[in-house]
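Residue numbers begin at 1 in each chain, while the letters A, B, ... track the order of the sequences.
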Amino acid sequence: MVLLRRWADPATLLALIQALAEQAPFRFMTTRRGGKLAAAMTSAGASGWVSDARGYRYESRDPLTGQSWPAMPDAFLVLADTAAAEAGFPGFAPDTCLINRYAVRAGMGLHRDGDERDFDQPIVSVSLGLPAVFLVGGMEKDEKPFSVGLESGDVLVFGGPARLLFHGIRPVKPGDDPLFGPFRYNLTFRRAR
DNA sequence: GAGTAACC
DNA sequence: CGGG
């Protein structure tokens, strides 16, 4: 796992996120057993990550609008590819970007990103807005995680042996980011298929 | 199941 | 009160 501190440009990404959210609005998804995910989500790219009563999966259409997910902006692709290369994974070509929006007090429990086809492909994660404590666990869910502070513009690359580590986000503390206001956004670039 | 809560 |  490689952390590139203050590596992405938050202002550029904010404008792109706003444009994407007009086409595919942020929404709260549910888990199979009726729980609600604490972060609002949307996606861009050829497919998008979806969770509902039927489970977790990638869908090529947005269930909310019935339309294709918005195309991934070129600047997203360039960012993900250069960050991956910097971390030792050249040639990364993500086909989806999951965008998570955390309001104050929202977090995400320990989980692993396991719905993609090829775990040899890394995941590039970009933090924006309010800071947060990122939890890095082990290969088993019961392993006790350690904490990493993440700030706006930080980029984390999960690849190789780190690709399937359990991870999570502690509830976001109240604050006001100059660009993003009272929110934390997270972009995760994946090769789903 | 990326959920919460109760209980020890 | 924190962890299991």
Side-chain angles (χ1 to χ4, degrees), chain A residues 1 3 17 20-21 24-64 69 72 76 80 94-150 154-159 161-174 180 182-193:
Chain A
M1 181 178 343
L3 174 53
I17 292 167
L20 291 171
F26 283 97
R27 83 292 307 262
F28 291 97
M29 297 187 189
T30 57
T31 62
R32 198 155 47 181
R33 309 223 322 231
K36 291 170 93 86
L37 298 182
M41 300 178 174
T42 188
S43 285
S47 63
W49 188 84
V50 166
S51 176
D52 60 19
R54 288 164 41 208
Y56 299 161
R57 65 200 177 277
Y58 284 94
E59 288 279 4
S60 46
R61 286 176 176 274
D62 177 354
L64 196 63
W69 298 98
M72 186 132 47
F76 274 22
D95 58 5
T96 181
C97 177
L98 174 62
I99 307 173
N100 287 180
R101 186 188 67 196
Y102 296 82
V104 163
R105 282 179 282 278
M108 184 135 343
L110 235 43
H111 68 281
R112 86 206 304 179
D113 297 356
D115 302 307
E116 300 74 26
R117 200 111 78 191
D118 181 6
F119 298 138
D120 291 338
Q121 297 290 324
I123 287 185
V124 173
S125 168
V126 181
S127 293
L128 298 167
L130 292 179
V133 175
F134 183 68
L135 301 169
V136 184
M139 291 292 290
E140 310 290 334
K141 196 174 184 180
D142 58 20
E143 214 168 306
K144 202 168 154 186
F146 64 89
S147 297
V148 180
L150 294 179
D154 288 353
V155 178
L156 209 44
V157 182
F158 288 87
R163 173 63 180 77
L164 289 171
L165 291 181
F166 279 85
H167 56 276
I169 284 286
R170 280 237 266 265
V172 172
K173 290 201 292 248
F180 292 86
F183 293 100
R184 172 179 188 266
Y185 288 79
N186 181 66
L187 270 32
T188 46
F189 295 95
R190 304 125 183 267
R191 163 61 68 166
R193 299 163 166 159

Could you check how far [atom1] of [X] sits from [atom2] of [N], rounded to whole Å?
{"X": "A/Lys144", "N": "C/dG2", "atom1": "NZ", "atom2": "C1'", "value": "10 Å"}
{"X": "A/Arg54", "N": "B/dG1", "atom1": "CZ", "atom2": "P", "value": "17 Å"}
{"X": "A/Arg33", "N": "B/dT4", "atom1": "CZ", "atom2": "P", "value": "13 Å"}
{"X": "A/Arg112", "N": "B/dG1", "atom1": "CZ", "atom2": "P", "value": "15 Å"}
{"X": "A/Lys36", "N": "B/dT4", "atom1": "NZ", "atom2": "P", "value": "12 Å"}
{"X": "A/Lys141", "N": "C/dG3", "atom1": "NZ", "atom2": "C1'", "value": "15 Å"}
{"X": "A/Leu98", "N": "B/dG1", "atom1": "CG", "atom2": "P", "value": "20 Å"}

Identify whether any heavy atom of [X] sits under 4.0 Å from a base atom; if not, whether one sits that close to sugar-phosphate; answer base, sugar-phosphate or nothing.
{"X": "A/Asp113", "value": "base"}
{"X": "A/Ser51", "value": "nothing"}
{"X": "A/Gly109", "value": "sugar-phosphate"}

I'd like to check A/Met139 versus A/Leu165 (side-chain heavy atoms, cut-off strictly below 4.5 Å). Are they in contact? yes

Is A/Asp52 close to A/Pro63 at the side-chain level, that is, under 4.5 Å between some pair of heavy atoms? no

Report the C-alpha distance between A/Asn186 and A/Ser125 in whole Å, list the side-chain angles of each, state the deciding distance to 0.1 Å, and finish with yes or no for side chain to side chain donor-acceptor pair (under 3.5 Å). CA-CA 7 Å; A/Asn186 181 66; A/Ser125 168; 3.0 Å; yes

Side-chain N or O of A/Arg32 versus OP1/OP2 of B/dG3: is the shortest distance under 4.0 Å? no

Enumerate the residues from residues 162-171 of chain A whose closest heavy atom to DNA chain B is under 4.0 Å, giving them by residue number; use none for an empty result. none

Regarding A/Arg163 and the six-membered ring of A/Phe119, is the cationic atom NZ or CZ under 6.0 Å from the ring centre and inside 45° of its axis? no

Hey, where does DNA chain B pair up into stems, meaning at least three consecutive Watson-Crick or G-U pairs with distances under 3.5 Å? none

What about the rings of A/Phe26 and A/Phe183, do their centers lie closer together than 6.0 Å? no

Mutual orientation of the aromatic rings belonging to A/Phe180 and A/Tyr185 [parallel < 30°, tilted 30-60°, perpendicular > 60°]: tilted

Heavy atoms of A/Ser127 and A/Leu150 approach each other most closely as OG-CD1, 3.5 Å

Classify the side chain of A/Asp52 versus the base of B/dG1 as yes if they form a donor-acceptor pair under 3.5 Å and no if they do not. no

Counting heavy atoms not belonging to A/Arg27, are there more than 12 under 6.0 Å from its CZ? yes

Under a 3.5 Å distance rule, please check whether A/Arg112 uses its side chain to pair with a backbone N or O of A/Leu164 as donor and acceptor. yes

